[in-house]
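None of these values were measured; they are calculated from a predicted model. The analysis underlying the following values was restricted to heavy atoms, covering all of them including side chains, and did not include hydrogens, waters or symmetry mates. As the structure lists them, so they are numbered: ligands from 1, and atoms in each ligand from 1.
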Amino acid sequence: MNDKDIYELIVAEHNRQSNTLQMIPSENHASADVFAALGSILTDKYSEGYPGQRYYGGCEVVDKVENLARDRAKALFGVDHANVQSYSGSPANAEIYMALLDPGDTIMGLALTFGGHLTHGHKVSASGIFYNSVQYQTGKDGYLDYDAIEQMAKKEKPKMLVVGATAYPRVFDWQRLREIADNVGAWMLADVSHIAGLIVAGEHPSPAGIADVIMTTTHKTLRGPRGAMILCNGNPSTPLKKVERTKKNLPTLIDRAVFPGMQGGPHNHQTAAIAVALHEAAQPDFKAYARQVVKNAKKLAAELKSRGFNLVTGGTDNHLLLVDLNNIGVSGKEAEDALSNVGITVNKNTVPFDPRGPFDPSGIRLGTPAITTRGLKENHMVQVAEWMEQAVKNKADSKKLDLLSKEVKKLALQFPLPSDK
Ligand code: DSN
């Protein structure tokens with residue numbers, strides 16, 4: 001690369017990732033094949049529209065790329081239709097709202113401070129500005145309280161029930177949520193960004209055939225490039241014209257909202273990389289990977305608990321853990337910094353009913369997708385938990401943290417990034 005400045009920064013980031021353990025649950029390490037597609041000549045091509053219905057010439061190759069990505073997504077998730085053009089998760093959710101709602105309609109999603117997402121109706125995001133957002137919470141025990149969600153839905157009568165989370169360590173009861181949505185005539189959106197890789201591997205129940213629309217980003221447990229997909233059932237052959245808001249018309253409604261509603265030309269290099277990731281996720285070894293992600297998370301949960309850490313909901317069913325540090329006397333920021341100093345990257349996070357507030361929360365959120373991709377197993381989780389305890393206890397002792405960081409680096413270097421293999 002001729003640009004020395006950027007080259008050096010890429011090398012620095014490569015070394016940072018190699019020398020340390022990435023435990024932010026929304027991160028992962030993509031394969032060399034995903035990177036190859038992402039860095040390909042497909043980035044040069046404009047192709048506004050959809051395969052067979054483009055506003056540019058020369059789309060015969062990118063049509064095949066997009067069709068391949070769509071077909072792989074449909075097969076993997078078991079749905080009739082897949083739109084693979086959304087630039088990322090936030091625009092994808094905005095596109096779904098645009099497809100099915102009018103400005104000012106009521107949406108009901110999990111509050112950000114209880115593990116939801118900005119785009120599920122948080123007041124400073126477009127979803128909370130252009131729509132009338134009402135937000136549900138978890139119960140005191142950290143679990144979704146389905147009875148309370150039902151009561152709120154009856155009272156608020158949302159047009160859309162948004163289900164999904166960024167910091168929820170338990171399984172979603174899709175059927176129960178469907179019933180709640182049906183009782184008030186609401187659309188149901190399942191934002192499975194965090195758990196998509198677990199779903200396709202059979203490690204978490206799928207909302208396919210239950211939710212009206214499924215949205216997932218492609219770079220988390222699915223282990224692809226940054227990007228998103230919108231999945232639904234319905235008649236995919238409807239031409240791209242204005243249609244009524246019915247379930248049968250969902251594919252057309254979604255496609256029109258993505259383009260021309262929200263976006264211009266699709267990112268063909270990103271679409272190709274999504275297709276590669278979907279192919280990888282359909283292989284038997286991906287099933288084994290997803291199983292190991294959950295096994296590692298459960299083992300880490302048990303090890304942290306045995307060292308006195310409180311976990312929201314007491315454990316995990318999926319890839320992530322939410323640690324409530326109130327009993328340890330350390331803030332989320334302090335823990336994030338201490339762990340960062342030893343080479344374990346996590347992020348501070350609110351816990352349900354957080355006494356400290358969102359800007360200086362009481363918890364940390366951590367997950368196993370990236371370290372499992374590198375090959376770490378349950379025995380390593382014992383070691384990781386031990387380092388976490390030591391780092392948090394010795395957060396002010398720079399010598400101790402330095403020693404720990406050398407141990408973390410030694411282990412990390414035994415497990416190369418997949419793109420280096
Ligand atoms: N920021 C992502 C996460 O970390 O979960 C969600 O967009």
Side-chain angles (χ1 to χ4, degrees), residues 13 17 20-30 86-97 107 109-128 133 135 138 142 144 162-172 189-199 204 213-230 262 270 274 277 290 293-294 297 312-313 316-323 332-333 335-336 339-340 344-352 354 358-359 361 363-373:
E13 174 62 9
Q17 290 190 24
T20 60
L21 299 176
Q22 311 316 311
M23 295 191 67
I24 292 173
S26 48
E27 293 184 354
N28 212 330
H29 300 292
S86 289
Y87 301 141
S88 206
S90 298
N93 279 342
E95 286 149 6
I96 295 163
Y97 301 149
I107 63 170
L110 179 62
L112 182 64
T113 48
F114 284 78
H117 189 256
L118 275 170
T119 62
H120 295 180
H122 191 61
K123 59 183 182 304
V124 300
S125 102
S127 62
S133 165
Q135 302 250 273
T138 64
L144 287 180
V162 184
V163 187
T166 60
Y168 188 62
R170 296 298 180 178
V171 161
F172 290 95
L189 162 62
D191 177 344
V192 300
S193 295
H194 264 258
I195 52 175
L198 306 184
I199 287 172
H204 186 291
V213 185
I214 302 172
M215 195 290 289
T216 182
T217 51
T218 46
H219 47 277
K220 298 187 174 88
T221 48
L222 207 50
R223 217 162 57 177
R226 306 197 84 80
M229 305 190 296
I230 305 175
M262 183 76 67
Q270 184 182 33
I274 289 172
V293 166
V294 177
V312 172
T313 75
T316 182
D317 296 328
N318 59 26
H319 64 300
L320 74 77
L321 285 67
L322 190 55
V323 185
K333 170 88 177 92
E336 179 190 294
L339 291 166
S340 179
I344 296 175
T345 312
V346 304
N347 70 280
K348 61 179 183 293
N349 214 93
T350 49
V351 296
D354 200 317
F359 296 107
I364 50 170
R365 185 185 70 146
L366 53 140
T368 54
I371 56 172
T372 306
T373 291

message = Closer than 4.0 Å to some heavy atom of Thr166 - which atoms of ligand 1 meet that?
response = 5 (O), 6 (C)
task = Using only heavy-atom distances, determine whether the side chains of His117 and Asp191 contain a donor-acceptor pair under 3.5 Å.
result = no
key: atom 3 (C) of ligand 1: the protein heavy-atom neighbour that sits closest, reported with distance to 0.1 Å   = Ser26 OG, 3.3 Å
ask   = Which residue owns the protein heavy atom closest to atom 7 (O) of ligand 1, what's the atom, and how far is it?
value = His117 NE2, 2.7 Å
query = Could you go step by step and tell me if Glu336 and Asn347 meet the side chain to side chain contact (heavy atoms under 4.5 Å, CB included) rule?
reply = CA-CA 6 Å; Glu336 179 190 294; Asn347 70 280; 4.0 Å; yes
Atoms of ligand 1, numbered as shown, that sit under 4.0 Å from any heavy atom of Arg365 = 3 (C), 4 (O), 5 (O)
query = atom 5 (O) of ligand 1: which protein heavy atom is closest, and how many Å away?
reply = His194 NE2, 2.7 Å
message = Could you measure the distance from the CD1 atom of Ile214 to the CE atom of Met229? Nearest 0.5 Å is fine.
response = 9.5 Å
ask   = So, Ser125 and Ser127: side-chain donor and acceptor under 3.5 Å apart, yes or no?
value = yes
message = Quick check for you: to the nearest 0.5 Å, what is the distance between Ile199 atom CD1 and Thr216 atom OG1?
response = 7.5 Å
